[in-house]
Amino acid sequence: MQNLLHNLNPEQLAAVTLPAQPALILAGAGSGKTRVLTTRIAWLIQTGQVSPAGILAVTFTNKAAKEMLTRLSAMLPINTRGMWIGTFHGLCNRLLRAHYRDAALPQTFQILDTQDQLSAIKRLLKSLNVDDEKYPPRNLMYFINNAKEQGLRAQYVEANDDYNRRFVELYAAYENQCQREGVVDFAELLLRTYELLSRNEPLRRHYQSRFRHILVDEFQDTNDLQYKWLKLMAGEHGAVFAVGDDDQSIYAFRGANVGNMAAFEREFHVQNLIKLEQNYRSHGHILDAANVLIANNSKRLGKNLRTDAGHGEPVRIYEASSDIQEANWVIEESKSLIAEGASRSEIAILYRSNAQSRVIEHALFTAGIPYRVYGGQRFFERAEIKHAIAYLQLMDNPHNDSAFLRVVNFPTRGIGARSIEQLQDAARQYGISLYAAVPYISGKAGSSLGAFVKLIEGARFETQHLSLPEMVQIVLETSGLIAHYQNEKEGADRIENLEQLVSAATLFVNEEGFGMDAPALAGPKAQTSAGAAIVSEDGVEIIDADTPLNEVMSPLSAFLSHASLEAGDNQAQAGQDALQLMTVHSAKGLEFDAVFITGLEEGLFPHENSEKADGGVEEERRLMYVAITRAKKRLYMSFSQTRMLHGQTRYNMKSRFFDELPEESLKWLSPKVQHHWFGNQRRSAWDEVADFEANKVAQKFTKQDIGWRIGETVFHQKFGEGVIVNIEGGGTNARANINFGRHGMKLLDLGIAKLEKVAS
DNA sequence: TGCACCCGGTTTTTT
DNA sequence: ACCGGGTGCA
């Protein structure tokens with residue numbers, strides 16, 4: 001135990017060894033948050049305060065859960081498999097599998113990812129003849145997910161007008177459809193579990209008394225339902241150990257409620273609030289920049305990071321004339337960093353929105369520098385993988401109409417829209433699934449549909465004794481997917497991905513302890529197995545928390561859950577020593593020796609849409625705080641005078657965040673310019689754009705008339721070289737904004753100033 | 001059945 | 001500027 005606790009600083013030690021009571025840990029960026037969480041778990045177990053089965057640890061991402069497990073198994077000589085460490089959704093899935101009957105779900109219920117949910121909604125609207133212009137599927141999806149995240153079923157959603165009443169009706173219809181098909185969406189996993197535990201007292205008591213210690217990571221990211229879920233799980237006596245950082249709350253747009261931190265403190269009567277403010281990541285100037293910036297936010301729980309690392313280098317700031325030039329500068333700087341011995345993977349290029357990566361990628365490609373872009377399509381989201389998964393889903397649960405429709409005619413087998421319509425009519429008439437409706441279809445359509453059903457059933461029969469990887473391999477062949485992509489020009493990559501699905505299945509059965517030989521379709525033993533079940537004092541049969549996954553699910557069901565809940569990596573150039581490109585959001589939780597934050601312009605960062613949202617700019621500032629605190633040793637920030645966006649050139653002002661940084665920690669690589677100042681009046685970027693638009697015609701004229709154009713490099717006797725940023729007026733009144741670099745921005749009368757052309 | 005064209009949208013993202 | 005989805009034609 002001495003080992004476990006030594007090397008912790010006083011605050012960390014205090015947090016790790018808190019008594020079994022609700023606790024809130026405000027963990028700043030780079031303060032050893034994960035270390036505290038895992039050490040707390042290890043300490044609780046090692047001191048005999050709780051058995052591994054008494055621990056419930058919740059994270060948001062699979063990556064975080066995996067990280068926790070890895071660190072724990074390094075600390076403790078125990079098997080971590082029985083521990084309940086996972087994402088909200090993963091844990092809910094596990095609970096619902098064990099208690100599917102009480103939750104009123106089929107044993108083989110399947111999980112819809114966002115894509116699946118949207119297509120299920122589109123299908124619903126079509127079947128109800130709803131105008132999808134008036135009720136856009138996407139909006140309905142937001143509406144439904146939003147309601148579920150408030151814990152509301154359709155009958156409890158308040159609607160004050162006809163339009164919203166229709167949404168509520170459609171929400172109810174969607175629920176019916178899902179129930180009929182035996183599928184649940186992500187929000188449903190949470191809500192269904194919440195309802196199960198609220199309704200079923202013996203079950204609730206069982207888990208409440210089992211999980212004496214509940215630990216929550218990234219608590220600031222919880223939504224309202226997740227918070228209620230935690231409250232229910234904790235009951236009266238559960239010791240909830242919540243770790244979070246209100247300054248890093250950047251997911252309000254997807255329902256996260258940072259107010260849950262204050263609510264937790266109040267409602268759980270938190271006596272133990274500990275701030276982790278010692279930062280082990282960044283040098284002083286970087287940390288100062290972060291602290292001073294975030295102090296501009298009003299609603300904070302209050303926290304200031306400190307470091308022993310010394311000031312280090314100042315934050316370098318660069319003003320580019322264009323997005324292209326900005327990208328080239330980033331690459332030049334990266335090159336010299338690499339030349340000085342930096343590893344490419346320790347350099348990150350961050351941006352606010354994905355669209356900004358293109359210019360940077362282009363420049364990197366041209367320069368021949370390897371790079372990796374985060375956030376592309378994930379493995380299980382690829383179309384060919386979704387197709388293969390749909391076949392497997394039908395073998396597991398033939399009533400999943402989404403899966404049916406996805407592959408009934410893929411690869412094509414002569415089942416067109418006409419046949420499908422006929423089938424859908426029959427299914428609606430009898431209130432059954434498409435699969436079950438096939439026997440009611442006669443004629444040519446009936447026989448081709450019948451052949452499809454035979455294909456699925458044949459595959460089931462053929463693979464009933466086979467392991468999961470063997471089953472996947474056979475399905476790839478009998479479905480005709482492999483043959484289909486073999487005939488396709490660009491099909492080689494897709495076939496490779498399909499082969500990888502077999503590897504993924506192999507990896508899965510090994511990691512989840514199913515055993516390589518376990519038949520994929522073998523029914524779970526749970527709920528009949530005397531060994532696994534326990535009986536509570538109320539006589540209710542309860543599957544124990546230690547019940548292994550392979551006793552509550554077949555390998556196939558488990559694998560399908562896995563495919564929905566863990567979309568997999570985007571494998572692009574993984575493992576290579578490459579520059580790291582990503583949005584600021586994706587950078588959360590990561591750290592790099594050197595970080596570039598690019599595109600720091602008004603309208604982009606802070607994003608223009610954030611102005612409209614309540615507290616939007618504060619969230620942007622937190623986002624900037626996250627970006628800054630990713631850097632260990634060196635931090636660059638850049639902005640550009642012009643940028644291509646949506647096919648149009650925009651002239652943005654530099655970000656207001658520059659005004660919120662401590663000057664003494666900054667080093668301006670290009671001189672600070674009086675950007676967009678007219679006399680004493682500071683004009684917004686949008687005024688500039690308006691002027692620009694209004695003067696477009698005049699500019700065209702001036703271009704021919706006086707021979708100057710925007711973007712052109714000119715030479716001036718006194719100011720030296722400069723770049724024309726804007727031209728206004730025409731003829732003899734024409735004036736130009738010219739950026740003379742270290743002499744600043746000047747507004748010159750083109751008729752008076754003596755400018756010379758400079759070849760560029 | 002598949003390709004060509006048009007239209008609309010375009011901040012951030014995990015499960 | 002670019003992508004994805006939907007429609008219409010060969």
Side-chain angles (χ1 to χ4, degrees), chain A residues 58-65 86-93 111-119 122 126 132-133 136-138 145 148-149 184-191 193 217-218 221-223 225-226 249-256 323 350-359 362 374-378 380-381 383 409-418 484 487-489 561-570 582-589 599 603-613 616-617 619-620 622-624 626-627 643-650:
Chain A
V58 197
T59 64
F60 277 86
T61 64
N62 294 298
K63 198 176 150 203
T87 63
F88 278 103
H89 296 84
L91 297 169
C92 286
N93 180 45
I111 301 164
L112 302 180
D113 65 20
T114 311
Q115 274 178 54
D116 302 333
Q117 190 188 14
L118 188 63
S119 64
K122 283 181 183 167
K126 205 161 266 174
D132 62 2
E133 301 258 294
R138 216 165 266 281
N145 291 341
K148 289 189 181 184
E149 280 167 18
V184 297
D185 57 50
F186 286 134
E188 185 70 22
L189 283 171
L190 266 296
L191 182 55
T193 309
D217 191 17
E218 306 278 17
D221 288 339
T222 50
N223 66 31
L225 181 56
Q226 285 159 341
S249 158
I250 56 172
Y251 286 114
F253 71 91
R254 66 173 199 215
D323 47 357
L350 308 184
Y351 34 80
R352 175 65 179 83
S353 61
N354 286 303
Q356 288 165 251
S357 77
R358 279 195 50 240
V359 175
H362 179 79
Y374 281 65
Q377 211 185 21
R378 325 255 290 272
F380 284 106
E381 288 168 356
N409 198 34
F410 191 94
T412 50
R413 36 179 81 91
I415 300 172
R418 205 70 34 85
H484 171 84
N487 293 330
E488 212 171 56
K489 273 172 278 169
S561 295
H562 167 82
S564 302
L565 292 174
E566 255 183 272
D569 285 339
N570 54 80
M582 67 195 83
T583 63
V584 180
H585 281 92
S586 335
K588 191 172 163 222
L604 251 185
F605 200 177
H607 197 274
E608 56 207 9
N609 295 357
S610 72
E611 304 259 15
K612 295 168 209 134
V617 174
E619 177 144 322
E620 295 289 302
R622 291 191 292 269
L623 196 53
M624 182 67 184
V626 167
R643 182 177 300 278
M644 228 17 181
L645 196 66
H646 307 325
Q648 283 190 321
T649 305
R650 302 204 350 177

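Taking 4.0 Å as the cutoff to heavy atoms of chain A, we find the contact window on DNA chain C bounded by dA1(C) to dG6(C).
Scanning atom types as modelled, one donor and one acceptor separated by under 3.5 angstrom connect the side chain of T114(A) and the base of dT15(B).
When rounded to the nearest whole Å, the span between CG of D113(A) and C1' of dT15(B) equals 9 Å. Taking atom CZ of F253(A) as the reference point, atom P of dT14(B) lies 9 Å away to the nearest angstrom. A straight line from CZ of R378(A) to P of dT13(B) spans 11 Å, rounded to a whole angstrom. The separation between L189(A) atom CG and dT15(B) atom P is 13 Å, rounded to whole Å. Residue L190(A) contributes atom CG, which lies 9 Å from atom C1' of dT15(B) at whole-angstrom precision. The distance from atom CE of M624(A) to atom C1' of dT12(B) is 16 Å, rounded to the nearest whole Å. For the pair E566(A) CD and dT13(B) C1', the computed distance is 16 Å after rounding to whole Å. Put simply, CZ on F380(A) is 21 Å from P on dT13(B), counting in whole angstrom units.
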Exercise. Give the intermediate values and the outcome of salt bridge (Lys or Arg N to Asp or Glu O under 4.0 Å) for residues D132(A) and K126(A).
Key: CA-CA 8 Å; D132(A) 62 2; K126(A) 205 161 266 174; over 6 Å; no
Exercise. List the protein contact pattern of nucleotides 2-10 of chain B with one symbol per nucleotide (5' to 3'): B for base contact, S for sugar-phosphate-only contact, - for none; contact means a heavy-atom distance under 4.0 Å.
Key: --------B
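Contacts of N93(A) with the nucleic acid, taken as non-hydrogen atoms under 4.0 Å apart, are absent. No contact: D221(A) has no heavy atom under 4.0 Å from any strand. Residue-level contact check: K122(A) touches the backbone only, with heavy atoms under 4.0 Å from sugar-phosphate atoms and none from bases. Across all strands shown, N354(A) has heavy atoms under 4.0 Å from sugar-phosphate atoms exclusively, and none from any base.
Not a single donor-acceptor pair under 3.5 Å links the side chain of E218(A) to the backbone N or O of F60(A).
With sequence neighbours left out, N409(A) forms a side chain to side chain donor-acceptor pair (under 3.5 Å) with no residue at all. Every ring pair (Phe, Tyr, Trp, His ring centres under 6.0 Å) that F186(A) has, sequence neighbours left out, goes to H89(A). Among residues two or more places apart in sequence or in another chain, the side chain to side chain contact (heavy atoms under 4.5 Å, CB included) test is passed with E611(A) by E602(A), V617(A), R656(A). Not counting sequence neighbours, the partners of N93(A) by the side chain to side chain contact (heavy atoms under 4.5 Å, CB included) test are R97(A), F109(A), I111(A), L189(A), M553(A), S561(A), L565(A).
Heavy-atom neighbours of R138(A) CZ from other residues, nucleotides or ligands within 6.0 Å: at or below the threshold of 12.
Using modelled atom types and a 3.5 Å distance limit, the side chains of Q117(A) and T114(A) yield no donor-acceptor pair.
H562(A) and F380(A) have perpendicular rings, their planes meeting at more than 60° on a 0 to 90° scale where under 30° would count as parallel.
Here E149(A) does not pair with R254(A) in a salt bridge; the nearest charged N to carboxylate O distance is not below 4.0 Å.
Two residues, G414(A) and E619(A), neighbour DNA chain B, and the one matched to the more 5' nucleotide by heavy-atom proximity is G414(A).
On the P atoms, dG4(C) is 16 Å away from dT13(B), given to the nearest whole Å.
Residue ring and nucleobase are not stacked for Y251(A) and dT13(B) under a centre distance beneath 5.5 angstrom and an angle between planes beneath 30°.
Remark: N62(A) is in phosphate contact with dT15(B), judged by side-chain N or O atoms under 4.0 Å from OP1 or OP2. In this structure, S586(A) does not reach the dT12(B) phosphate: none of its side-chain N or O atoms is under 4.0 Å from OP1 or OP2.
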